[in-house]
Amino acid sequence: ETGVTQTPRHLVMGMTNKKSLKCEQHLGHNAMYWYKQSAKKPLELMFVYNFKEQTENNSVPSRFSPECPNSSHLFLHLHTLQPEDSALYLCASSPTRGRYTEAFFGQGTRLTVV
Amino acid sequence: RKEVEQDPGPFNVPEGATVAFNCTYSNSASQSFFWYRQDCRKEPKLLMSVYSSGNEDGRFTAQLNRASQYISLLIRDSKLSDSATYLCVGDSNYQLIWGAGTKLIIKP
């Protein structure tokens, strides 16, 4: 059983499409995160939500739009993406945002933009 | 300079050997450190937290050297199943900063 669930697991989309990634956590955590992982690069933090409020936006292009309707759910809305946006998108949660707190990851959505 | 830096490897190690990785961090104010393991095409999973006094979990030992600003991971009696990418993580301004990972391949 995984505490953080992401759907879909794989997504192929054209540059003109609009799609959404979904993340759900069953751990009772208050902080949720979107990360991008490209080959041979460190995880890049995209967005942070703490108690449903967005606390971080690490200069992410506006073609990525997050939504956090409640502490358990997180979405990433995608539109007019570029081929270089192809990557593994990971959702994570932690008890709180801050130090001394580990992150628990979903299995990721492997996104290919064609 | 990258905030958290790791040797990307790969480290090719025979089964049963001992292997050690280091990871350097640039923010001297960092307080929390972790080692995560990521299998091919899977999500990262916490391997162990790294405490100031060092900590051990079975065959795995993590150490923190604040003076030289690095953390280390030692794996003893390596198993084939230890093959993975090991990610070093430190905190900076309440964010987790990730290294790019060190790839380990254990060979029979």
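Quick note on labels: first sequence line is chain A, next is B, and so on, each numbered from 1.
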Scan side-chain atoms only and decide if B/Gln38 and A/Gln37 contain a donor-acceptor pair under the 3.5 Å cut-off. yes
Can you confirm whether B/Lys45 sits close enough to A/Phe104 that some side-chain heavy atom of one is under 4.5 Å from a side-chain heavy atom of the other? no
Per-residue contact mode, B/Phe33 against chain A (heavy atom under 4.5 angstrom): neither
Check whether any side-chain heavy atom of B/Arg41 sits under 4.5 Å from a side-chain heavy atom of A/Arg110, and report yes or no. yes
Are A/Leu21 and A/Leu90 connected, step by step, through hydrophobic side chains (Ile, Leu, Val, Met, Phe, Trp, Tyr) whose heavy atoms are closer than 4.5 Å? no
Report yes or no: do B/Ile106 and B/Tyr86 belong to one cluster of Ile/Leu/Val/Met/Phe/Trp/Tyr joined by side chain heavy-atom distances under 4.5 Å? yes
Where do A/Gly106 and B/Glu43 come nearest, in terms of heavy atoms and distance? O-CB, 2.8 Å
In this structure, would A/Phe64 and A/Leu11 fall into the same cluster of hydrophobic residues linked by side-chain contacts under 4.5 Å? yes
Hey, is NZ on A/Lys36 packed in by over 12 heavy atoms from elsewhere, all under 6.0 Å? yes
Near-ring test A/Phe105/B/Trp98, centroid separation under 6.0 angstrom: yes
Are B/Leu96 and A/Met32 grouped together when hydrophobic residues (ILVMFWY) are joined by side-chain heavy atoms under 4.5 angstrom apart? no
Hydrophobic cluster identity match, A/Phe47 and A/Leu45, side-chain contacts under 4.5 Å: no
Within-4.5 Å side-chain heavy-atom neighbours: A/Leu43 and B/Pro44: yes
Tell me, side chain or backbone of A/Ala92 under 4.5 Å from chain B's heavy atoms, or both, or neither? neither
